[in-house]
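Counting convention: from 1, in listed order, for ligands and their atoms alike. Heads up: numbering here begins at 1 and tracks the sequence. Computed from a predicted structure; not experimentally measured.
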Amino acid sequence: MSLLEDLQWRYATKKMNGQTVPQKKLEYILEAARFAPSSSGLQPYKIFVITNKNQLKQIREFSFNQSQITDCSHLLVWAAWDSYSSDRVSNVLLRTSKERGLPDSSAEAYKTMLLDLYEPLGKEWQENRCAKQAYISFGLAIAAAAEQKVDATPMEGFDNAKMDEFLGLEALGLKSVVMLPLGYRDEKEDWLVNLKKWRTPKEDFATTIS
Ligand SMILES: Cc1cc2nc3c(=O)[nH]c(=O)nc-3n(C[C@H](O)[C@H](O)[C@H](O)COP(=O)(O)O)c2cc1C
């Protein structure tokens with residue numbers, strides 16, 4: 001199947017059947033998320049993978065009671081940096097330089113340039129910027145899941161403050177962004193499974209400027 005066929009196949013599954021996603025498929029989806037591009041290659045986010053049924057039950061309580069959270073196989077939660085700190089930026093850039101056999105000085109100079117740019121913009125701007133990067137990884141995970149014929153529901157429908165508290169994110173300098181239950185569709189019970197997928201028509205979507 002082509003990528004476009006996979007994207008036609010997928011949909012925001014409303015009812016999952018509790019079947020487990022094989023570990024290999026999970027790892028494939030996580031790798032697609034890890035290989036996402038990010039601004040300056042900083043990857044300012046992490047993914048939490050939750051499978052514990054009791055924890056999933058608790059998360060469902062602050063997620064509009066969405067059933068996919070307890071009927072899924074794995075719940076992926078993206079959590080982004082709450083800010084760009086010197087240490088964080090340094091760690092990534094120095095590691096990248098080392099892996100590429102480049103001198104530390106180039107990483108240091110780039111770090112100074114980035115922080116000079118980001119620091120005056122404030123913590124809220126930085127938090128939003130990091131969350132934007134997380135969404136790129138999220139999108140690739142959605143596509144990879146479709147390729148693996150694993151169903152997934154993109155979800156912003158949860159209480160971020162409660163999720164942050166539940167996962168202890170403040171202490172890690174992270175903020176929850178978005179989540180993705182992975183599993184398999186319940187063909188009989190899902191009201192959306194047979195409804196037509198509709199998107200803005202091509203001619204209204206992309207504007208060619210020549
Ligand atoms: C960022 C984001 C947040 C979403 N949040 C939810 C959600 O909380 N619950 C849900 O059932 N669907 C959620 N959706 C699914 C969208 O409603 C769905 O992707 C959209 O209607 C297009 O339909 P399709 O994904 O089935 O093609 C979300 C989608 C995105 C991209």
Side-chain angles (χ1 to χ4, degrees), residues 1-19 21 25 29-30 32-34 36-39 43-50 55-82 127-167 169 174-202 204-206:
M1 264 181 136
S2 71
L3 175 62
L4 287 183
E5 285 166 331
D6 293 332
L7 294 178
Q8 293 277 351
W9 173 86
R10 67 148 298 279
Y11 72 110
T13 309
K14 300 300 173 194
K15 182 86 183 106
M16 292 186 174
N17 65 10
Q19 205 186 317
V21 173
K25 286 182 184 271
I29 294 162
L30 289 173
R34 188 169 73 94
S38 60
S39 178
Q43 293 180 277
Y45 46 80
K46 287 189 177 298
I47 299 177
F48 290 79
V49 182
I50 303 156
Q55 288 185 341
L56 291 173
K57 233 166 108 183
Q58 291 175 60
I59 292 172
R60 180 171 167 173
E61 281 167 21
F62 55 79
S63 306
F64 298 97
N65 196 30
Q66 298 191 74
S67 70
Q68 305 95 316
I69 294 164
T70 46
D71 296 338
C72 73
S73 166
H74 300 78
L75 179 69
L76 311 188
V77 181
W78 274 255
W81 295 355
D82 60 1
E127 186 188 315
N128 284 331
R129 186 87 198 302
C130 293
K132 284 183 193 171
Q133 310 305 307
Y135 276 99
I136 300 168
S137 164
F138 176 65
L140 286 180
I142 293 168
E147 192 203 358
Q148 293 298 305
K149 295 292 163 289
V150 170
D151 282 304
T153 317
M155 278 191 181
E156 276 177 335
F158 63 95
D159 183 324
N160 291 70
K162 288 195 174 147
M163 181 69 90
D164 293 355
E165 198 187 332
F166 186 78
L167 295 175
L169 297 184
L174 298 170
K175 295 257 186 189
S176 58
V177 177
V178 74
M179 61 187 188
L180 190 69
L182 299 174
Y184 294 98
R185 61 190 70 176
D186 182 335
E187 306 249 9
K188 283 202 187 112
E189 298 292 329
D190 192 334
W191 59 266
L192 190 53
V193 68
N194 291 318
L195 293 187
K196 184 182 173 188
K197 187 181 282 293
W198 189 86
R199 291 293 192 263
T200 304
K202 268 193 256 183
D204 297 337
F205 185 69

Between CE of M155 and CG of L76, what distance do you get to the nearest 0.5 Å?
-> 12.0 Å

Which residue and heavy atom of the protein sit nearest atom 9 (N) of ligand 1, plus the separation | Q66 OE1, 2.7 Å

Heavy atoms only: give me the nearest M16-P181 pair and the separation to one decimal.
-> CE-O, 3.5 Å

Residue, atom and distance of the protein heavy atom nearest atom 5 (N) of ligand 1 read E156 N, 3.0 Å

Just distance, no hydrogens or angles: give the donor-acceptor pairs under 3.5 Å from side chains in residues 194-201, sequence neighbours left out.
| unit_1 | atom_1 | unit_2 | atom_2 | d |
| --- | --- | --- | --- | --- |
| K197 | NZ | R10 | O | 2.8 |

Could you tell me which non-hydrogen atom of F64 sits nearest to which non-hydrogen atom of G157, and how far apart they are?
-> CD1-O, 3.4 Å

Heavy-atom closest contact (A144 atom, A32 atom, distance) | CB-CB, 3.4 Å

Considering distance alone, does some N or O of K197 sit under 3.5 Å from an N or O of ligand 1?
-> yes

Separation between OG1 (T70) and NZ (K57), nearest 0.5 Å, reads 9.0 Å

Under 4.0 Å from one or more heavy atoms of Q68, ligand 1 contributes atoms 11 (O)

How far is atom 11 (O) of ligand 1 from its nearest protein heavy atom, and which residue and atom is that?
-> K14 NZ, 2.6 Å

Pairing residues for R185 by the side chain to side chain donor-acceptor pair (under 3.5 Å) criterion, not counting sequence neighbours = D151

So is L192 polar-close to ligand 1, meaning N/O to N/O under 3.5 Å?
-> no

Any N or O on V178 sitting closer than 3.5 Å to an N or O of ligand 1?
-> no

Could you tell me whether atom 17 (O) of ligand 1 has a protein heavy atom closer than 4.0 Å?
-> no

Checking heavy atoms under 4.0 Å, the part of R199 that sits near ligand 1 is side chain

In ligand 1, which numbered atoms sit nearer than 4.0 Å to a non-hydrogen atom of Y11?
-> 26 (O)

Heavy-atom closest contact (Y184 atom, K149 atom, distance) = CE2-O, 3.4 Å

Of all protein heavy atoms, the one nearest atom 15 (C) of ligand 1 is A12 CB, 3.6 Å

Counting distance only, does the side-chain N/O of Q133 pair as donor-acceptor with the main-chain N or O of S39 below 3.5 Å?
-> yes

Under 3.5 Å, N or O to N or O, is R10 touching ligand 1 that way?
-> yes

Of all the heavy-atom pairs spanning P154 and A152, show the shortest one and how long it is.
-> CD-O, 3.8 Å

Ignoring angles and geometry beyond distance, decide whether G157 reaches within less than 3.5 Å of ligand 1 through its nitrogen or oxygen atoms.
-> yes

What protein heavy atom sits nearest atom 4 (C) of ligand 1, and how far away is it?
-> P154 O, 3.2 Å

Nearest protein heavy atom to atom 20 (C) of ligand 1: under 4.0 Å?
-> no

